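Quick notes on the structure that follows.
Throughout, a chain's letter reflects where its sequence line sits, starting with A, and its residues are numbered from 1. From a predicted model like this one, the values you see are computed outputs, not experimental measurements.
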Amino acid sequence: MLVSVYRYNPETDNAPYMQDIHIEIPGGKDIMVLDLLQLLKEKDPSMTFRRSCREGVCGSDGMNMNGKNGLACITPLSQVVEKDKLVLRPLPGLPVIRDLVVDMTQFYRQYEKVKPFLINDTPAPAIERLQSPEDRAELDGLYECILCACCSTACPSFWWNPDKFIGPSGLLQAYRFLADTRDTARDQRLSELDDPFSVFRCHGIMNCVNVCPKGLNPTKAIGKIRNMLLQRAT
Amino acid sequence: MVTSITSFGRSGLYDWMMQRVTAVVLMAYTIFMIGYLLFSSDLSYAAWSSLFQGTAMRIFTLLAILSMVAHAWIGLWSVSTDYIKKTSIRFAVQSVCGLLAFIYVVWGIQILWGV
Amino acid sequence: MNKKRPVNLDIQTIKLPLPAVTSILHRVTGVALFFGAIFAMYLLGLSLESQSGFNAAADLLRDSFLAKLIAWGFVSALLYHLVAGVKHLIMDFGYCEELESGTLAAKVTLIAGVVLVLLAGVWIW
């Protein structure tokens with residue numbers, strides 16, 4: 001098969017370029033994209049990408065595979081290869097450090113903005129702050145995010161305003177804490193989101209939902225944040 | 001919190017709400033006008049001008065124009081801040097849009113009360 | 001050592017889902033409508049000015065190919081923008097926010113848009 005990889009080495013290249021590599025998959029097996037990258041790295045040790053857990057938990061190897069963001073380690077070739085060809089590019093919209101490795105600073109900055117931790121001013125009880133199973137169930141589909149950045153870097157609104165629009169990932173986390181009954185900073189959290197950029201740049205194109213490797217739905221979470229803002233203001 | 005001084009109402013929620021409210025007004029006006037034009041195939045000047053002489057129609061039309069201007073400003077502001085990264089050019093484009101929006105209001109009043 | 005980092009943002013290499021198509025068309029028609037309103041306001045003013053103005057406006061829409069084309073473009077953009085706007089309102093109420101329902105809503109929007117554009121063409125010609 002033919003693999004076309006985005007290559008960029010800041011020490012030698014002025015601009016990124018696409019490198020075409022022909023490769024035979026041993027035994028013709030349906031391996032994961034990450035395994036394929038490993039094979040490519042054996043041929044050319046300069047091939048650079050992030051990886052760690054290789055099972056879709058750490059969120060290190062998010063990349064754009066034949067046009068769609070996803071985690072290389074849990075994406076089988078059969079799912080993405082088209083006409084025996086695979087194009088691998090770094091996550092869109094973030095600065096490229098080298099080959100498939102992007103600088104996630106902008107992404108993390110937006111995550112930081114939503115204060116992704118429990119805020120509770122009441123005195124800490126001797127045991128854990130308890131929650132009813134129903135209240136806890138509200139956090140399902142929110143807490144599972146692994147911050148791989150596949151969603152935010154698939155979002156045109158994030159591409160145009162990565163410094164102002166929080167992006168699907170950050171907003172999913174914002175809602176994770178807004179929806180937490182143990183959190184006491186709801187009003188303060190909402191005030192910080194009520195500007196024309198942070199939340200309202202979402203126009204519901206749902207590419208975040210389309211690419212999320214964990215099957216989460218930031219679009220829905222954003223809608224719920226909007227409803228909270230609306231309820232607070234009317 | 002991102003601050004911006006050129007958005008319609010400063011608050012994201014306010015802009016969002018205004019865009020929805022004005023959208024509903026514009027939808028009602030559009031459906032009314034298209035319906036009116038569809039079901040009056042032999043439209044005469046007398047019928048057309050008497051329609052716009054009615055106070056209700058003048059209010060409806062002016063409301064539609066004001067809605068269009070607010071709706072368009074929120075939309076165009078959003079489009080311009082997405083795609084035009086150079087502040088001077090963006091400001092120039094926004095100024096042209098703002099001027100045209102103002103012209104629409106004055107022009108509309110002139111047409112409506114000139115009938 | 002190259003200090004300025006490149007950004008991978010070649011839109012042609014990125015797949016976008018169907019709702020992205022309805023969204024960008026919503027934008028394009030919105031911008032077009034704002035400027036197309038010059039034409040609509042001109043026609044409204046002309047038609048309400050006097051009997052002869054009314055006749056001139058009617059003649060323009062009957063005889064001028066260019067005027068018909070602009071009118072078709074304007075009405076098409078208006079109707080598509082309206083339908084896509086209704087989709088937005090439906091999503092605001094929390095519907096069609098799953099991948100499948102959202103894609104279906106985008107499909108319906110596009111089909112309704114095409115039908116309305118054709119009907120508008122029939123109406124104007």
Side-chain angles (χ1 to χ4, degrees), chain A residues 4 6 8-18 63-69 80 82 87-98 100-103 106 153-157 159-160 162 202-212 215 217-224 226-227 230, chain C residues 1-34 77-78 80-113:
Chain A
S4 184
Y6 184 100
Y8 173 70
N9 179 348
E11 278 155 32
T12 53
D13 303 329
N14 279 322
Y17 61 96
M18 298 305 290
M63 59 186 69
N64 190 272
M65 299 168 282
N66 268 354
K68 193 178 169 186
N69 287 356
V80 282
E82 280 168 21
V87 181
L88 297 175
R89 301 174 67 96
L91 290 174
L94 292 177
V96 177
I97 297 174
R98 186 169 167 152
L100 298 170
V101 176
V102 291
D103 175 3
Q106 198 67 263
T153 59
C155 174
S157 289
W159 298 338
W160 315 140
C202 171
H203 303 301
I205 74 158
M206 297 179 77
N207 207 21
C208 50
V209 190
N210 191 29
V211 301
C212 177
N217 190 331
T219 304
K220 220 184 186 114
I222 294 168
K224 290 195 171 155
R226 217 165 39 213
N227 285 346
L230 207 54
Chain C
M1 179 81 180
N2 202 350
K3 286 252 168 67
K4 177 109 181 69
R5 287 177 175 157
V7 172
N8 165 35
L9 201 53
D10 182 352
I11 309 278
Q12 283 166 320
T13 65
I14 302 166
K15 279 188 194 135
L16 288 166
L18 211 53
V21 178
T22 62
S23 178
I24 193 68
L25 284 173
H26 197 198
R27 287 211 142 172
V28 172
T29 52
V31 173
L33 283 169
F34 182 66
L78 184 61
Y80 176 80
H81 199 81
L82 194 152
V83 174
V86 170
K87 174 180 173 282
H88 258 300
L89 290 177
I90 292 172
M91 286 183 80
D92 290 339
F93 282 101
Y95 301 103
C96 303
E97 284 184 327
E98 288 84 24
L99 203 51
E100 275 173 36
S101 54
T103 311
L104 180 69
K107 258 184 212 154
V108 171
T109 304
L110 289 173
I111 292 170

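The contact between A/Asn217 and chain C is made entirely by side chain atoms (from C-beta outward), counting heavy-atom distances below 4.5 Å. Using a 4.5 Å cut-off between heavy atoms, A/Arg89 contacts chain C through both its backbone and its side chain. With a 4.5 angstrom heavy-atom cutoff, A/Asn9 does not touch chain C via any of its atoms. Contact annotation for A/Asn64: only side-chain heavy atoms (C-beta onward) come within less than 4.5 Å of a heavy atom of chain C. In this structure, chain A has no heavy atom under 4.5 Å from any part of C/Gln12. Heavy atoms closer than 4.5 Å to chain C are found in both the backbone and the side chain of A/Ile97. Heavy atoms of A/Asn14 lying under 4.5 Å from chain C belong to its backbone as well as its side chain. With a 4.5 angstrom heavy-atom cutoff, A/Val87 does not touch chain C via any of its atoms.
For the set A/Leu230, A/Leu94, A/Val211, A/Thr219, the count of heavy-atom pairs under 4.5 angstrom toward chain C peaks at A/Leu94. Counting heavy-atom pairs under 4.5 Å between each of A/Ile205, A/Thr153, A/Asn69, A/Leu91 and chain C puts A/Ile205 at the top. Counting heavy-atom pairs under 4.5 Å between each of A/Lys220, A/Arg98, A/Lys68 and chain C puts A/Lys220 at the top. Most heavy-atom pairs under 4.5 Å with chain A, from the set C/Leu16, C/Asp10, C/Ile11, C/Val7: that is C/Val7. Interface remark: of the candidates C/Pro6, C/Pro17, C/Gly94, C/Pro6 forms the most heavy-atom pairs closer than 4.5 Å to chain A.
The distance from atom CZ of C/Arg5 to atom CG of A/Asp103, rounded to the nearest 0.5 Å, is 5.0 Å. Note that OG1 of C/Thr109 is 5.5 Å distant from NZ of C/Lys87, once rounded to the nearest 0.5 Å. Expressed to the nearest 0.5 Å, how far CD1 of A/Ile222 lies from CG of A/Asn227 amounts to 12.5 Å.
Put simply, the side chain of C/Lys15 gets close to the backbone of A/Asn66: a donor and an acceptor are under 3.5 Å apart. Panel note: side chain A/Asn207, backbone A/Ala154; a donor-acceptor pair is recorded below 3.5 Å.
In this structure the side chain of A/Met206 never reaches within 4.5 angstrom of the side chain of C/Thr103, judged on heavy atoms. Between C/Asp92 and C/Leu89, some side-chain heavy-atom pair lies under the 4.5 Å cut-off. Side-chain contact between C/Ile14 and A/Trp159: present, with at least one pair of heavy atoms (C-beta onward) separated by less than 4.5 Å. Here the side chains of A/Val209 and C/Glu98 are not in contact, with every heavy-atom distance at 4.5 Å or above.
The 12-atom threshold is exceeded at OH of A/Tyr17, counting heavy atoms of other residues, nucleotides or ligands nearer than 6.0 Å.
Proximity to chain A at a heavy-atom threshold of 4.5 Å picks out C/Pro19, C/Ala20, C/Ser23 from residues 18-25 of chain C, in numerical order.
Contact detail for A/Ala15 and A/Tyr8: the closest heavy-atom pair is C-CD1, 3.9 Å.
Aromatic ring centres of C/His26 and A/His203 lie farther apart than the 6.0 Å criterion allows.
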